[in-house]
Amino acid sequence: MTATDVTALTLHRAPRTATPSVVAWVERIAELTEPDAIHWCDGSQSERQQLLDGMVASGTLTQLNPELRPGSYLARSNPDDVARVESRTFVCPADEADAGPTNNWVEPAQMRETMRDVFAGSMRGRTMYVVPFAMGPVGSPLARYGVQVTDSPYVVASTGIMTRMGSAALARISENTPWVPAVHSVGAPLATDEADVAWPCNPTKYIVHFPETREIWSYGSSYGGNAILAKKAFALRIASTLSRSEGWMAAHMLLLKVTDAKGTVSHVAAAFPSACGKTNFAMMTPSVAGMKVETIGDDIAWLAPNSQGQLRAINPEAGFFGVAPGTSVDTNPIAIETLTHDTIFTNVALTDEGDVWWEGLTQETPAHLIDWRGADWTPESTTPAAHPNSRFAVSAAQCPTIADDWEAPEGVVVDAIIFGGRRASNIPLVAQARDWKHGVYIGATLASERTAAAEGTLGELRRDPFAMLPFAGLNMADHWQHWLDLGATLAATATPPPIFQVNWFRKGAEGTFLWPGFSENSRVLEWILARAHGEVPADASPFGSVPRDGQIDYEAAGIDRGAWGELFALDGDSLRAEARDTANYIDSMGPRVPEALHVEHHLMQDRLANVRRRSSGVS
Ligand code: OXD
Ligand code: MN
């Protein structure tokens, strides 16, 4: 196709509402990638159905049995394209120091040249879809806009679930609206008459962010965060730099609405590293009598201080892209109900009845399945039927516990912030940070433990600061400063929300979990909110304030006094070993680490200095 053809094609199809800078950009990308056709997405139901039908016809999707799972589809990816690839994810500001020690960096001019090379002609034989989207409710002062071009109809359909996609978003983008351009190609051009495969992709992959120009370029993968660029690439990596310059915060956090037995409504934002059960927490069925927990978001929150010193939050997404294995009526009945219709599943197993299955869904394993690779599978098979990172993409609006204020344009007021990791040792079930700076220290040093510690030792820690390790599109130390600055902004007018640390995963001497988790986490949530509203006193610990005896009904949660004590036990040697590891880790973030965090670390070390070798958490 010649440049003139492309211009004609682009301009001819562009909706009248498309602003000239979007049209010009689409033209430029089309000239580079040379698609056969261009489709501007309007986000309508009929467009969505046409895309889905087209993918069923081409073999990308299998329609599930409409009686068992109406409006739902199964995709099987290429076995080499099953997860985010952090090793191929790049953050490319002009100055390497702005990417910091946690990101892959390449000099931007050089990376641009590489992008030009790999994208040249990459869409030949395919349709380029132009996908305008809003992150946040369209028209909300907290919403931001983007346009993704992609040659993958699967990515279009997924983005249609995960964002507010289509004409309404496009109409919001004017010459005065900043918008994020995101270019995506599966990297598999088709020669004339060449048959397509079900899941085109390329062994070479790039997920590239240019934070200064707020651009995203992704090549070679169609899977999840590699390709649905609105999610991790925009709403976290680009937004982490954007929000820093604009005075708000992009956080890898779920958002909850909680109504207690007295009818008091609160909202909570919580950060947990990937694979710590965020979706389960976001859809919790509380065991506390009279408490109602409703869902606002399960993965990303954008937090913004307002002029009254309140911290407001929106979920910028419109859907859930959750891990399927382990999701069951026992672990997350709300998710199971959410997934009963209009869901796109990827890499789960297919039953003989045309429904989906994954490990953990039912206690009884079906006698025969088609596994995620498309092969016959029986319980004797030695490989999992569903890929461990198999996913569902489903609209948040169809979640039975979606909160009535989940699309409030001004966001909800955050009453408490929670950080949690998967810790076998050291970290108590719950503690309230002494103040905002201490809370930022907790977020900055957040970790999961790879192996259970033997007594008096520490398991290997995987640090995941603010659960943002793979998602901070900036120097991590600058992100920490940004959290400190946010607290200072809030404190100028009001008291910032309290920050808590939780740990559902502590293990006892026998290596078993001490706390039942799931619904019982509502007991911890109840205490957190009582503290946030200044309703109850607390005991002091090196971690901050911890529950007083009798404030959390652990017996109702099914655990005895011994286990309760273990959940708060202090092991001086192990804690001091962790503090030494923490000091090295903080230093590893380089010279930009805020002095306030070094100070917090010394304060923590002082508090740990006299902790005895082993002391129970209860008196
Ligand atoms: C996710 C992640 O998929 O955090 O949400 O990895
Ligand atoms: Mn996530």
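Ligands are counted one by one from 1 in listed order, and the atoms in each one are counted from 1 as well.
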Taking only Lys NZ, Arg NE, NH1 and NH2, and the carboxylate oxygens of Asp or Glu, determine whether [X] and [Y] approach each other closer than 4.0 Å.
{"X": "R523", "Y": "E520", "result": "yes"}
{"X": "E246", "Y": "R144", "result": "yes"}
{"X": "E578", "Y": "R423", "result": "yes"}

What atom name does the N, O or S atom of D299 nearest to the Mn ion (ligand 2) carry?
OD1

Among C276, S274, A467, which one has a heavy atom closest to atom 2 (C) of ligand 1?
S274

For atom 3 (O) of ligand 1, which of the options K278, M468, R391 provides the nearest non-hydrogen atom?
R391

Proximal atoms of ligand 1 relative to [X] (non-hydrogen, under 4.0 Å):
{"X": "D299", "result": "5 (O)"}
{"X": "R84", "result": "2 (C), 6 (O)"}
{"X": "H252", "result": "4 (O)"}

Can a cation-pi geometry be assigned to K278 and F272, taking NZ or CZ under 6.0 Å from the six-membered ring centre and within 45° of the ring axis?
no

Answer yes or no: does an N/O atom from K231 fall short of 3.5 Å to an N/O atom of ligand 1?
no

Report yes or no: does a heavy atom of F471 sit under 4.0 Å from some atom of ligand 1?
yes

From K278, does some N, O or S atom reach closer than 2.8 Å to the Mn ion (ligand 2)?
no

Which class fits the ring pair F471 and H252: parallel under 30°, tilted 30 to 60°, perpendicular over 60°?
perpendicular

For atom 5 (O) of ligand 1, what is the nearest protein heavy atom, given as residue, atom name and distance?
K232 NZ, 2.9 Å

Does a donor on one side chain sit under 3.5 Å from an acceptor on the other, for D98 and N475?
no

Taking atom types as modelled, find out whether N202 and Y219 have a side-chain donor-acceptor pair closer than 3.5 angstrom.
yes

